[in-house]
Amino acid sequence: MEKDFWHERWRSGQIGFHRDEVHWALTRHWSSLGLPAGAPVLVPLSGKSLDMHWLHQNGYPVCGVELDRIAVRDFFAEWNRQAQSVGVDARGLSGYRADDVVLWQGDFFDYVPSEPFPAFYDRAALIALPPNLRAAYAGHLRKCMIEGARGLLVTLEYDQKQKEGPPFSVLPEEVSRLDGFISEPLERRDVLNESPKFKNRGISSLHETVYLLQAV
């Protein structure tokens, strides 16, 4: 999607993708990654997700990358933290830190970490992107990871003819073809009754699928 689309969503408060609770896939399956304590985690297209709080509270330093400054501002404000600036990187992203959470404000495709990460968490990044950007996203994510890095990916599956994205439907065969990663499905859950906006749009079937991805 165009950057202006997401900026307008945040300006107008149309952020139905934001959840007011930690995602079930994170609490249920994060331990499946087998990460060492203190492993830093990259969260692309992070928004102001409460999932970053959960990761931080469980001992994982978090690095989020988020396009919109309102999301970054609100994340720290709602956490009751005064974020400290960590400067602007060579690609023009501005960094802000509180405790062990750093958010870089800017385009994820411009983000280059000082050191590659051993872990990532993608609950709403891949599904936010149209098909023509998803391969490039996976390629850039892989460049941010060490070999053998592990992460959780959460996707949505529904009939794309019944509703335009975002969020987009991403089917298992596409996940299995993501360059630079091998995937293992962990759980597929029917979430239609938990998603009134989808149901009211006439969606007849809606599932969330959780994958373990490993960088190769």
Side-chain angles (χ1 to χ4, degrees), residues 1 6 9 15-35 39 41-58 60 62-67 71 75 108 117-131 133-142 144-145 149-160 163 165-199 203 205-215:
M1 310 301 293
W6 295 110
R9 283 291 188 95
I15 53 171
F17 48 83
H18 176 71
R19 291 175 175 249
D20 292 327
E21 57 186 15
V22 176
H23 196 280
W24 64 267
L26 181 61
T27 57
R28 184 174 173 88
H29 292 291
W30 186 252
S31 61
S32 301
L33 303 184
L35 297 171
V41 180
L42 176 63
V43 183
L45 283 65
S46 63
K48 57 175 184 176
S49 174
L50 299 182
D51 296 345
M52 292 189 287
H53 293 306
W54 187 93
L55 289 165
H56 165 70
Q57 290 163 2
N58 282 272
Y60 298 96
V62 174
C63 178
V65 183
E66 166 53 40
L67 179 65
F75 173 81
F108 177 67
F117 288 85
F120 69 92
Y121 175 64
D122 177 346
R123 198 278 297 174
L126 186 68
I127 61 173
L129 300 173
L133 288 180
R134 294 201 283 257
Y137 163 79
H140 189 67
L141 177 63
R142 176 62 186 88
C144 296
M145 297 291 117
R150 293 184 155 207
L152 284 186
L153 168 68
V154 182
T155 64
L156 285 176
E157 298 173 24
Y158 65 93
D159 185 348
Q160 196 73 85
K163 177 189 175 300
F168 294 93
S169 176
V170 178
L171 299 178
E173 51 265 33
E174 182 174 356
V175 175
S176 69
R177 295 194 302 266
L178 292 176
D179 268 354
F181 296 95
I182 55 174
S183 62
E184 175 189 349
L186 299 176
E187 185 174 355
R188 185 173 186 264
R189 179 179 290 193
D190 185 339
V191 294
L192 184 60
N193 288 332
E194 303 165 22
S195 309
K197 290 184 179 179
F198 279 82
K199 205 168 185 178
I203 301 298
S205 175
L206 180 67
H207 291 81
E208 282 186 317
T209 301
V210 188
Y211 299 87
L212 187 161
L213 265 58
Q214 182 167 337

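Given the structure is predicted, the values throughout are model-derived calculations rather than measurements.
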Taking only residues two or more places apart in sequence or in another chain, which ones pass side chain to side chain donor-acceptor pair (under 3.5 Å) with [X]?
X: Arg150; answer: Gln214
X: Thr209; answer: Glu157
X: Tyr60; answer: none

What is the minimum heavy-atom distance between [X] and [Y], and which atoms define it?
X: Leu129; Y: Phe168; value: O-CD1, 3.3 Å
X: Glu66; Y: Gly47; value: OE1-N, 2.7 Å
X: Ala149; Y: Phe117; value: CB-O, 3.6 Å
X: Gly64; Y: Met52; value: CA-SD, 4.3 Å
X: Ala215; Y: Met145; value: CB-CB, 4.3 Å
X: Ala119; Y: Leu35; value: CB-CD1, 3.5 Å

Exercise. Evaluate the criterion side chain to side chain contact (heavy atoms under 4.5 Å, CB included) for residue pair Leu45 and Phe17; output intermediate values, then yes/no.
Key: CA-CA 11 Å; Leu45 283 65; Phe17 48 83; over 6 Å; no

Could you grab the distance from atom [atom1] of [X] to atom [atom2] of [Y], nearest 0.5 Å is fine?
X: Ser205; Y: Asp159; atom1: OG; atom2: CG; value: 9.0 Å
X: Trp6; Y: Leu67; atom1: CH2; atom2: CG; value: 9.5 Å
X: His18; Y: Leu50; atom1: NE2; atom2: CG; value: 5.0 Å
X: Trp54; Y: Ser49; atom1: CH2; atom2: OG; value: 12.0 Å
X: His53; Y: Asn58; atom1: NE2; atom2: CG; value: 13.0 Å
X: Glu194; Y: Leu206; atom1: CD; atom2: CG; value: 9.0 Å

Quiz item: Can you pull the salt bridge (charged side-chain N to carboxylate O under 4.0 Å, His left out) pairs that have at least one residue in residues 19-33, sequence neighbours excluded?
Solution: Arg19-Glu208, Arg28-Glu187

Exercise. Please identify each residue that fulfils salt bridge (charged side-chain N to carboxylate O under 4.0 Å, His left out) with Arg177, with sequence neighbours left out.
Key: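 None.
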
Self-check item: Results of salt bridge (charged side-chain N to carboxylate O under 4.0 Å, His left out) for Arg134 - residues two or more places apart only
Solution: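 Result, salt bridge (charged side-chain N to carboxylate O under 4.0 Å, His left out) vs Arg134: Glu174.
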
Quiz item: Residues two or more places apart in sequence or in another chain: which of them pass side-chain contact (heavy atoms from CB on, under 4.5 Å) with Lys199?
Solution: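 Residues passing side-chain contact (heavy atoms from CB on, under 4.5 Å) with Lys199: Leu192, Asn193.
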
Quiz item: By side-chain contact (heavy atoms from CB on, under 4.5 Å), which residues pair with Pro167, not counting sequence neighbours?
Solution: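 Ile127, Leu156, Lys163, Phe198.
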
Self-check item: Contact check, side chains of Leu26 and Val154, non-hydrogen atoms, under 4.5 Å
Solution: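 Of all side-chain heavy-atom pairs linking Val154 with Leu26, none is under 4.5 Å.
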
Quiz item: With side chains defined as the heavy atoms from C-beta onward, is the minimum distance between Val170 and Tyr211 less than 4.5 Å?
Solution: no

Exercise. Can you run down the side chain to side chain donor-acceptor pair (under 3.5 Å) pairs that involve residues 117-126, sequence neighbours left out, and say none if there aren't any?
Key: Asp51-Tyr121, Asp122-Tyr137

Quiz prompt | Residues that His56 engages under ring pair (Phe, Tyr, Trp, His ring centres under 6.0 Å), provided they are two or more places apart | solution =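 Partners of His56 under the ring pair (Phe, Tyr, Trp, His ring centres under 6.0 Å) test: Trp79.
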
Using a 3.5 Å cut-off and no angle test, enumerate the donor-acceptor pairs between side-chain atoms of residues 178-185 and protein atoms at least two apart in sequence or in another chain.
none

Quiz prompt | Short side-chain to backbone donor-acceptor contact, Ser32 and His29, under 3.5 Å | solution = yes

